[in-house]
Amino acid sequence: MPYVLKFDPNEPKYEFITDTARAVEALKALISEKAVGVDVETTHTDPYLGALLTVQIGTETISYVFDARILHLGEIHGFSELLTNKKVIKILHNAKFDYKWIKHFTGVAMENIYDTMLAEAVLTAGLGSGYFSLLSLAQAYAGIDMNKDIRKSFAGQQHAHFTEEQLKYGAKDTLVLFPIFEQQLQKLKKENVLNVAKLEFATTSVVAEMEYRGIYVDRKKWHEILDIIRVDRDKAMAEFYEAIKPYFPTAQFNLFGGTAPAINLNSQQQLMDLFNNKLKLNIPSTGVEILEEQKHPIAQILLNYRQSEKLLSAFGESFLELVNPKTNRVHPEFNQMGAATGRFSCNKPNLQQIPAGRTASFRTCFNPKPGYKMVVSDYSSMEMRILADLSGDEKFIKAIKDGLDLHSYTAALMFGLEYTDDFKKKYPDKRQAAKAINFGLMYGMGAGSLARQIDVTPEDAEQYMEKYFQSYPSVRKWLDKQAKDAIVHGYSMTPAGRKRWYKLPEKSDPEYRKKISRIQRQAKNHPIQGTNADAIKYALVFVQERFKSGQYDGGITHTVHDEIVCEVREDQAEEFSHVLSNDMIRAGEIFIKKVPLASEPFVGDVWEH
DNA sequence: AGAGGTGGTG
DNA sequence: CATGCACCACCTCT
């Protein structure tokens, strides 16, 4: 049945509230509602740098526009009571944005959130971009055109009077949430993903708190690391230009007597010309895997240059510019539906791609605030445990239960060797090969790429894989079933019920097989990666409760797929580290019942372990 | 502005 | 028949 609008999009009913007495009355009326729409207007996107102008809270028929410049909302009776009330659903679009502003300016931490943006992301995972504007949802669910230009007009409105146009716009933003909410709810139930949506909603306030808190970055130390890398980079660059001199006999001299670089080291086009036309190496690309095979010294020099240049460009000044001048911390944006699998993505800066090796120790620059410790915990080999559990493979499960080193154990089975505690030392190559298989098959890898990766013939790789699947027969069965089901149903699913949909190609599509194969690989991986995501989201909710309840002093600073990083008051850190690990395990056990889980805690002064 | 190449993370 | 999942940032080139 079509949804009937309860308001007039051209004349939205609203009340502009500037006095406390009227605010109290409005809030009193609102608290008996089943659900309210909430939105804010601000002068900026960053609560640390801007001002809160209005908070709109409304029903499906009327929106109350509270003037946050005049009213002390945090102290007004009924405001906190309404926004933290667990019986009244707060409907928002991209709730973490409003959450941060309301928290910052009123001290109120909203509860019981329904987020129309996240709901849409859950409903279209794998199909869309993961980002949905209120504009597009208003159009799709209510046929309403929203004027996006008015939002920009709030930037300079800190003291001036709002126009009626602006107030109407603000009001419409809460009114339009209802038709979206009502219809999404039906869809979420119909697709059986309401529980996943609820997990996302519970997670969103945790994400808001995490972004709001941010994490301290030691800029001085960061610069010291950059200086060292820059020396290496310049050295490699000099070596490179020296080495290519013979190939550029006409190398021009510029006006200042120095040589003008004959080649832009960052131009793959010019490099290809050098390697193929001058050096006659005939390489298909200049990627690491190709260059590593080349004997020519220039290839090695380029690799050295690239290694340093990569770090300087991706983690240089541009990174430090993202440190917030007010807080001296970075406040990355975490997109909780950033990946089609349910994983987080992260940007500005992307803390999920800070180098982890020991060569570039950027992670040591992330420190707790004074009097606090970094407390970190990682799930150990989580995706392998998930695969063991979901496939129900007895041998696989037993190996985990017995606490064996899984890569070594797989190697022992595949190569017919005896498993011992020092297997890793005795057969490092065999273990490495098994590791490649263990990971690769979770991505649906074929024998061809396995052969390339562990440097054996395709025939050998084929044999290894066959041996692997003979060792773990249920794993093969399970993977095959995921691939098949995805094509039959058009989606794959985690045990938590998180779905990822696929756009199936037409039979006539010239790339039909290629596309089907790709979907099959994605469908094999999705329940594994997605279950990890489900677990970490539950864990984040559990852990946040530890801080919110006042049990521990501190907060979550960030999360990297299978890792949660917190800063916790020094005297509580050690104890908290075990609480953190246990919460992560407890969260995982909601979905993983047959296999024991582990999460390793660390306490220190840096984000690194 | 967008695509493609490269490379950082789990 | 093609052949490893999920991201984001920076660079060059068009």
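Residue numbers start from 1 in every chain, and the chains themselves are labelled A, B, ... in the order their sequence lines are given, proteins ahead of strands. The figures here come from the full heavy-atom set of this structure, side chains too, leaving out hydrogens, waters and symmetry mates.
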Are the side chain of A/D378 and the backbone N or O of A/E563 linked by a donor-acceptor pair below 3.5 Å?
no
Taking CD from A/Q522 and P from C/dT3, how many angstroms apart are they, rounded to a whole number?
14 Å
Under 6.0 Å from the six-membered ring centre of A/F415 and within 45° of its axis: does the NZ or CZ of A/K430 meet both?
yes
Could you tell me whether A/R586 sits above the aromatic face of A/F542, with NZ or CZ closer than 6.0 angstrom to the six-membered ring centre and within 45 degrees of the axis?
yes
Can you tell whether the side chains of A/R219 and A/E224 come within less than 4.0 Å, N to carboxylate O?
no
Using only heavy-atom distances, determine whether the side chains of A/S391 and A/R476 contain a donor-acceptor pair under 3.5 Å.
no
On the nucleotide C/dG4, are OP1 or OP2 found under 4.0 Å from the side-chain N or O atoms that A/Q520 carries?
no
Could you check A/R498 against A/E200 for salt bridge (charged side-chain N to carboxylate O under 4.0 Å, His left out), going step by step and ending with a plain yes or no?
CA-CA 10 Å; A/R498 179 186 300 282; A/E200 296 300 338; 2.7 Å; yes
Between A/S313 and C/dA9, does any side-chain N or O lie under 4.0 Å from OP1 or OP2?
no
Would you kindly give the OH-to-C1' distance between A/Y305 and C/dT12, to the nearest whole Å?
12 Å
Just checking A/K348: base, sugar-phosphate only, or nothing, at a heavy-atom cut-off of under 4.0 Å?
sugar-phosphate
What's the CE-C1' distance between A/M442 and C/dC5, to the nearest Å?
9 Å
Does A/S318 have a side-chain nitrogen or oxygen under 4.0 Å from the phosphate oxygens OP1 or OP2 of C/dA9?
no
I'd like to compare against my own output: the B/S/- annotation of nucleotides 3-9 of chain B with a strict under-4.0 Å heavy-atom distance to protein.
--SSBBB
note: A/N264, atom CG; C/dC10, atom C1'; distance rounded to Å ~ 13 Å
Across the strands shown, which category fits A/A447 at heavy-atom distances under 4.0 angstrom: base, sugar-phosphate, nothing?
nothing
Donor-acceptor pair, A/S471 side chain versus A/K467 backbone, under 3.5 Å?
yes
Between atom CG in A/L351 and atom P in C/dC7, what is the gap in whole Å?
18 Å
So A/N264 and A/S267, side-chain hydrogen bond (donor to acceptor under 3.5 Å, both in side chains) or not? Walk me through it.
CA-CA 5 Å; A/N264 179 346; A/S267 164; 5.7 Å; no
To the nearest angstrom, the NZ-P distance between A/K435 and C/dC5 comes to 19 Å
N/O (side chain, A/R521) to phosphate O (OP1/OP2, C/dG4) under 4.0 Å
no
Whole angstrom value for the distance that separates P of B/dG10 from CD1 of A/I536:
13 Å
Atom-pair distance (CZ on A/R498; P on C/dA6), nearest Å:
15 Å
If the cut-off is 4.0 Å, is A/S517 near the phosphate of C/dT3, judged by side-chain N/O to OP1 or OP2?
no
Using a heavy-atom cut-off of 4.0 Å across all strands, would you classify A/S345 as base, sugar-phosphate, or nothing?
sugar-phosphate
Using a 4.0 Å heavy-atom cut-off, does A/Q453 contact any base of the nucleic acid, only the sugar-phosphate backbone, or nothing at all?
base
Name the nucleic acid region contacted by A/Q269, choosing base, sugar-phosphate or nothing; use a 4.0 angstrom heavy-atom cut-off, strictly under.
sugar-phosphate
Taking the P atom in each of B/dG5 and C/dT3, what is the distance between them to the nearest angstrom?
14 Å
